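Here the structure is laid out as structure tokens; the discussion comes afterwards.
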Amino acid sequence: MSFDDVPENVAAVVFSHLGNDPIDRVRLAAVSKVWRSAEKADASLPVAPGELFSLGEVWFRQYPLDGHHQSMKAIYWWSKAAATGDADA
């Protein structure tokens, strides 16, 4: 079985175990359509969908001096929160 033949539900589990830093999520999603689709699934999230906005807040407040790179991580999680219909986002 090749990397592209991984079932979407297995790929979603891999995403859910990557943690809060979105760098690896973005890189894996670029691999193939299966991985891109799995990254969008709620099962792939490291936290419950209602907690995504708070996760963005953590990146924004915890690392304010790191500049653009950390802000992009916060924006990533805020956009995920908006995509799941979070009212705070």
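Just so it is clear, the structure is predicted and the values come from calculations on it, not from any experiment.
Within the model, atoms CG of Leu28 and CG of Leu18 stand 6.0 Å from one another, a figure rounded to the nearest 0.5 Å. Of the inter-residue distances, the one linking Ser54 atom OG with Trp78 atom CH2 reads 11.0 Å to the nearest 0.5 angstrom. Here Asn9 contributes atom CG and Ser44 contributes atom OG; the two are 12.0 Å apart, rounded to the nearest 0.5 Å. To the nearest 0.5 Å, the span separating CD1 on Ile23 from CE on Met72 amounts to 9.5 Å.
Looking at every heavy atom in both residues, Trp77 comes nearest to Gly19 through CZ2-O, 4.3 Å. Of all heavy-atom pairs between Pro22 and Asn20, the closest is CD-O, 3.3 Å. Residues Ala29 and Phe15 approach most closely at N-CZ, 3.9 Å, considering heavy atoms. Across all their heavy atoms, Ala74 and Gly56 have their closest contact at CB-O, 3.3 Å. The shortest heavy-atom contact between Thr84 and Pro49 is OG1-O, 4.0 Å. Annotation for Ala38 and Glu8: closest pair CB-O, 3.6 Å, computed over non-hydrogen atoms.
Annotation: ring pair (Phe, Tyr, Trp, His ring centres under 6.0 Å) contacts of Tyr76 (sequence neighbours excluded): none.
Judged purely by atom type and a 3.5 angstrom limit, Ser79 uses its side chain to pair as donor or acceptor with the backbone of Ile75.
At least one side-chain heavy atom of Trp59 sits under 4.5 Å from a side-chain heavy atom of Asp21. Inter-residue side-chain proximity for Arg25 and Pro46 is flagged as met; some heavy-atom pair is nearer than 4.5 Å.
Linking Ile, Leu, Val, Met, Phe, Trp and Tyr residues whenever their side-chain heavy atoms come within less than 4.5 Å leaves Val34 and Val31 in two separate clusters.
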Side chain to side chain contact (heavy atoms under 4.5 Å, CB included) between Val6 and Trp35, intermediate numbers included
CA-CA 8 Å; Val6 172; Trp35 289 92; 4.1 Å; yes
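Using a 4.0 Å cut-off between charged side-chain N and carboxylate O, Lys80 and Glu39 make a salt bridge.
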